[in-house]
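Before any comments, here is the structure.
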There are 2 protein chains.
Amino acid sequence: MLEEEKDTINRLSKMPLGSLDLDAVSVVTNIYRVAQGLRNKMEREVLSKYGLSWTSFSILYDLSIWKAIETKKLAESAAVSKATISNITKTLEKKELCYRKTDTRDRRITYVMITAKGIQVMEELYPEFHKREVEIVSGLTVNEQKSVTELLRKVIRKNQF
Amino acid sequence: MLEEEKDTINRLSKMPLGSLDLDAVSVVTNIYRVAQGLRNKMEREVLSKYGLSWTSFSILYDLSIWKAIETKKLAESAAVSKATISNITKTLEKKELCYRKTDTRDRRITYVMITAKGIQVMEELYPEFHKREVEIVSGLTVNEQKSVTELLRKVIRKNQF
DNA sequence: GTATTATCGTTTCATAGCTAACGATTATGA
DNA sequence: TCATAATCGTTAGCTATGAAACGATAATAC
């Protein structure tokens, strides 16, 4: 077990909180710790050079894959609010990495599309990003990677994340 | 494999990006997805009632465990910047959940402490939070929980997250 | 056909979060 | 001693984020 976890559990068990499911606490704590760590690492070592935050990168990533996509779908995919998508695509548009276009039939719908410059940035950026991804999980064997992925998918399905 | 993952990998493999380590991509993608999902769920279903964000909750949680702690340690523990800690503890102080005190010897250091009201909120809040934690991982057996925790710890150690 | 309801994107306003710059303080070194 | 460096917390200025409200539009009901 990691040092801070020991300390925390020690003190937690002294609080008047009734019985705790320590296995559940550990899963949640460590998932969030890894997620925060990899987000910070990516922003610091890769994304900052391009002036992109984690979320704006993930939006650009979606755009590079889907070419044209409604803002509503973007919000679902990145698990953020429509308002956030509004702001981020506005920022990306300022950087000329994407542009927006209202649907001619249903004018409530806005499509977001990646620009040539956006594609170019992505093709330069993604290999760097992917290199870090591989590094980050390199402490696990391939079988362990497959295993943790399968377990996480189970959690995602159960909770509809 | 989850549906969106299939789509994404399909399109990714058509991009001119060279070879990809798909196992690594899956690990990183699913870790972040679970983390985002549980954060959103907690904020929506538990923390919003108390006007707390995920981060301010985690700060309050640390305070309830450590009683008095330097802002620097808080920043490390929550993996956010010192500036963020300044802002969040200021907000918590406004809600009378904590207070700050400068060290008498070394006046560069500020200690943050939880108030009686803060403890009270935590004792009411944490059982609810913990209940959701248990729910979220309830799709996994205890052995699976231990397994995913051990694998994540390996990633944390390797990357010093 | 018209009124109601639902949906979509945006704006507004608050907090969260970062970096960089700053001021205060302590530690170090000549 | 006294100047320089190092460290700490805060502030300023920016983007990110969500909830709620808004306006425009489309779908539905009558």
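In this text the structure is predicted, and so the values were computed from the model without any measurement. Chain letters run A, B, ... following the sequence lines, proteins first, then strands; residues in each count from 1.
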- [ ] Let me have a per-nucleotide readout for nucleotides 6-17 of chain C, 5' to 3', with B, S or -, counting only protein heavy atoms under 4.0 Å.
- [x] -BSBBB----SB
TODO: Please report, rounded to the nearest Å, how far the P atom of D/dT17 is from the CD atom of B/Glu43.
DONE: 12 Å
Task: Atom-pair distance (CD on A/Glu45; P on C/dC18), nearest Å - done: 16 Å
TODO: Rounded to the nearest angstrom, tell me the gap between atom NZ in B/Lys41 and atom P in D/dG18.
DONE: 17 Å
Open item on the list: Within this structure, what is the CG-CG distance for the pair A/Leu92 and A/Leu63, rounded to the nearest 0.5 Å?
Closed with: 7.0 Å
Task: B/Tyr126 ring center near B/Tyr61 ring center (under 6.0 Å) - done: yes
Task: Partner set under ring-ring contact (aromatic ring centres under 6.0 Å, His included) for B/Tyr32, not counting sequence neighbours - done: A/Trp54
Task: Partners passing side-chain contact (heavy atoms from CB on, under 4.5 Å) against A/Asp23 (at least two apart in sequence or in another chain) - done: A/Asp21, B/Val142, B/Gln145, B/Lys146
Task: NZ (B/Lys131) with more than 12 external heavy atoms under 6.0 Å - done: no
- [ ] Compute the ring centroids of A/Phe57 and A/Tyr50, then answer whether they are less than 6.0 Å apart.
- [x] no
Task: Nearest-angstrom distance from the residue atom CG of A/Asn40 to P of C/dC18 - done: 7 Å
